[in-house]
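Notes follow once the structure below has been shown.
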Amino acid sequence: MPEGPELHLASLYVNKMCNGVVFTGLVKKSEVSKSPDVPFTCEAYRITAISRGKEVKLTLTPVKSDDVTWDSKAGLADQPMDIVFRFGMSGYFRVTSEEELPKHSHLRFYTKETPCRVLSFVDTRRFGSWEPSGTWQPGRGPCIMTEYKSFRENVTSHLSDRAFDRPICEVLLNQKYFSGIGNYLRAEILFRLSIPPFVPARTVLEGLESEDFWENEKPVKNELTDAKASKRAKQKKLKGETGDLLRLCHTVPLEVVSLGGKGYDPVKEDYSGFKAWLQCYYVDGMKSIRDHNGRTMWFKGDPGPMVPKSIQSASTKKKKVVKQQTGTKTPKKGKDVHVKKKASKRIKIDVNTPQHENKSSARRRKGSSAQPVDAGDILVFCQSETNAFVWSRNERIFNFNCPLCSSSETEWKIN
DNA sequence: CGTCCACGTCTAC
DNA sequence: TAGACCTGGACGG
């Protein structure tokens, strides 16, 4: 599941499934989990979710009881509790019947229905975690998707930080500045702009302004000054209308959200839409190298000057670092987890074709048939704060405020 | 069967 | 900056 878009999709899923549902009793943890118990027991409570970067916060809110005093004496919750989740490599939420609990369901919330249903936090590898009465983890920066403006300012105002001495591909995984970016997103984002992954981050970022000139294509209230307008025109000319690196850190993840489904999840059927969306990560013909932390960086073309030299490196295992410097790379064997069995045939074709041509067009075709989050759901941007959410048509779409900045419906734009 | 790989942190030398 | 923390799918022998 787990980069920013998957966490955001998870929060949308919880809100959709739990809308109007009353939960009851204990919050149950699996035997094997090492995360803390959740000391929350309540006769009747509701669950809502919100995401920020690579965290999801569930809020358990007791439904008004007739006798609050009795409740608290009985050890039942009368106040809301937040639980903050991190998903590790494999976390997600799922609602099922009690009989169909997913394998590796590690935290469970029971509805008050008969028969009851269960909201599970499922996490195969158990790298995920939760914190009862938790807060957003300090040190993680503003969310690339839901707090774009402050994300952008946080980066542009801290470029002197030594963190930016590193190659851009490694800095993109630093959650202090790029809260929500993960391994596939860094590849996709740098690929779109043809930025070599191992270029010093500061070099890439220092030209960028705290203000985003791509925002508000047709500014309504704030007229651009002449100077700004010409700067913007110049930049757009350079980057071909797509926006700069920081803007793509916002818009590329939002593309994944708008694809719907579950995002990155090779096991599920709805993975095909996501796979078709990928242009670089794990794509046949692309190159890959282990970065200084042992994470596989997928890219095309020049790796850049800060490419790890020490052939060995990083990872737990001592594997070769440079897998293919010679152009079109065929993802190795076990590597091609995603393509499943047709891999070998496809590899041959791709290697011998001017690659990108075919791939991306094939991709786009498939991508266009990607599922929406839910039929009728709409990706909505808040113009005043540049927040973005997917909103369900079933939820009074034309009558709401931005959860983060409270701008009214008139300031929203439907994408 | 064994090896390698995976969407991410953490923490101990 | 190595490991540690985990499970399981793909692939090679």
Side-chain angles (χ1 to χ4, degrees), chain A residues 1-10 30-35 51 53-56 84-93 102-106 122-131 136-140 144 166-167 169-170 172-176 178-189 252-253 256-257 259 261-268 270-271 274-275 277-278 280-283 288-298 308-310 312-321 323 329-347:
Chain A
M1 264 230 116
E3 298 185 21
E6 288 75 23
L7 281 274
H8 190 66
L9 285 164
S30 75
E31 292 294 322
V32 67
S33 172
K34 290 173 182 165
S35 280
S51 78
K54 289 184 207 173
E55 297 183 310
V56 168
V84 173
F85 290 80
R86 257 155 274 143
F87 281 17
M89 294 284 262
S90 55
Y92 62 97
F93 284 109
K103 202 177 175 186
H104 308 295
S105 159
H106 293 304
V122 188
D123 183 10
T124 307
R125 297 181 67 182
R126 272 183 275 147
F127 293 172
S129 62
W130 60 80
E131 189 189 344
W136 300 129
Q137 187 173 253
R140 287 177 186 265
I144 47 159
R166 320 244 69 227
C169 70
E170 291 171 18
L172 283 174
L173 295 185
N174 184 342
Q175 302 300 296
K176 182 176 175 187
F178 294 89
S179 178
I181 300 294
N183 205 26
Y184 78 73
L185 283 170
R186 70 170 178 172
E188 293 300 311
I189 291 164
V252 172
V256 178
V257 172
L259 287 179
K262 286 175 65 180
Y264 185 5
D265 184 0
V267 186
K268 297 301 289 183
D270 63 8
Y271 177 59
F274 176 80
K275 185 167 164 293
W277 173 84
L278 291 172
C280 178
Y281 181 79
Y282 247 117
V283 169
S288 66
I289 293 179
R290 298 295 180 109
D291 71 13
H292 294 280
N293 301 307
R295 304 275 253 136
T296 304
M297 179 66 218
W298 289 85
K309 290 287 185 281
S310 59
Q312 301 291 312
S313 103
S315 177
T316 328
K317 315 283 166 83
K318 52 305 176 47
K319 299 242 63 170
K320 302 147 290 179
V321 169
K323 317 199 105 166
K329 160 190 177 12
T330 61
K332 275 267 193 163
K333 52 168 172 188
K335 303 230 52 188
D336 208 356
V337 178
H338 308 246
V339 176
K340 314 227 160 161
K341 51 194 199 174
K342 283 163 249 155
S344 54
K345 283 175 194 165
R346 294 187 70 251
I347 288 170

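Within every chain, numbering begins at 1; the chains are lettered A, B, ... in the order of the sequence lines, protein sequences first and strands thereafter.
Considering only side-chain N and O atoms, A:Arg140 lies under 4.0 angstrom from the phosphate OP1 or OP2 of B:dT9. Using a 4.0 Å cut-off, some side-chain N or O of A:Lys54 falls inside it from OP1 or OP2 of B:dT9. Proximity of A:Arg290 to the phosphate of B:dC5: a side-chain N or O atom is located under 4.0 Å from OP1 or OP2. For A:Ser90 and B:dG8, the shortest distance from a side-chain N or O to OP1 or OP2 is not below 4.0 Å.
The distance from atom CZ of A:Phe85 to atom P of B:dC7 is 23 Å, rounded to the nearest whole Å. The distance between atom CG of A:Leu172 and atom P of B:dG8, rounded to the nearest whole Å, is 12 Å. One can place OH of A:Tyr92 at 13 Å from C1' of C:dG8, the figure rounded to the nearest angstrom. One atom, CZ of A:Phe87, and another, C1' of B:dA6, lie 17 Å apart when rounded to the nearest Å. Atom CZ of A:Arg295 and atom P of C:dG3 are 17 Å apart (whole Å). Atom C1' of nucleotide B:dT9 and atom CZ of A:Phe178 are separated by 18 Å, given to the nearest angstrom. With rounding to whole Å, A:Asn293 atom CG is found 15 Å from B:dC10 atom P. For the pair A:Asn174 CG and B:dC10 C1', the computed distance is 14 Å after rounding to whole Å.
The listed nucleotides are B:dC10, B:dA6, C:dT7; the one nearest the side chain of A:Thr124 is C:dT7. Of the candidate nucleotides B:dC10, C:dG8, B:dC7, C:dG8 has the atom nearest to the side chain of A:Lys103. Here the side chain of A:Gln175 is nearest to one of C:dT7, B:dG8, B:dT9, namely B:dT9. Here the side chain of A:His104 is nearest to one of C:dC5, C:dT7, B:dA6, namely C:dT7. The side chain of A:Tyr281 approaches B:dA6 more closely than any other nucleotide in the set B:dA6, C:dT1, B:dC10.
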Base-pair map of DNA chain B as dot-bracket, where | denotes pairing with a different strand and pairs are Watson-Crick or G-U under 3.5 Å:
||||||.|||||.
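Residue A:Phe87 forms a ring pair (Phe, Tyr, Trp, His ring centres under 6.0 Å) with just one option from A:Trp130, A:Phe127, A:Phe93, and that option is A:Phe93.
When atom types are taken as modelled, the side chain of A:Ser90 and the backbone of A:Arg125 share a donor-acceptor pair closer than 3.5 angstrom. Between the side chain of A:Glu3 and the backbone N or O of A:Tyr184 there is at least one donor-acceptor pair closer than 3.5 Å. Panel note: side chain A:Glu188, backbone A:Tyr281; a donor-acceptor pair is recorded below 3.5 Å. Side chain of A:Asp291 to main chain of A:Asn293: a donor-acceptor pair is present (N/O by atom type, distance under 3.5 Å, no hydrogens or angles).
Residues meeting the side chain to side chain donor-acceptor pair (under 3.5 Å) test with A:Glu170, sequence neighbours left out: A:Arg166. By the side chain to side chain donor-acceptor pair (under 3.5 Å) test, A:Thr124 pairs with no residue at all, sequence neighbours left out.
Along DNA chain B, the nucleotide nearest A:Arg125 and the nucleotide nearest A:Leu173 are compared for position; the residue whose nucleotide lies closer to the 5' end is A:Arg125. The nearest heavy atom of DNA chain B to A:Arg86 and to A:Asn183 marks one nucleotide each, and the one closer to the 5' end goes with A:Asn183.
A gap of 16 Å separates the P atoms of C:dG3 and B:dC5, to the nearest Å. Rounded to whole Å, the C1' atom of B:dC13 lies 13 Å from the corresponding atom of C:dA4.
Heavy atoms of A:Arg186 sit nowhere under 4.0 angstrom from any nucleic acid atom. Counting non-hydrogen atoms under 4.0 angstrom, A:Gln137 reaches the backbone sugars and phosphates but no base.
At a cut-off of 3.5 angstrom, counting only N and O atoms as typed in the model, there is no donor on one side facing an acceptor on the other between the side-chain of A:Arg126 and the base of C:dC6.
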A:Tyr282 and A:Tyr264: ring pair (Phe, Tyr, Trp, His ring centres under 6.0 Å), yes or no, with the steps?
CA-CA 12 Å; A:Tyr282 247 117; A:Tyr264 185 5; 8.0 Å; no
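Among all heavy-atom pairs drawn from A:Ile144 and A:Ile181, the shortest one is CD1-CD1, 3.6 Å.
In this pair, A:Phe127 lays its aromatic ring flat on the base of B:dG8, centres within 5.5 Å and planes under 30 degrees apart.
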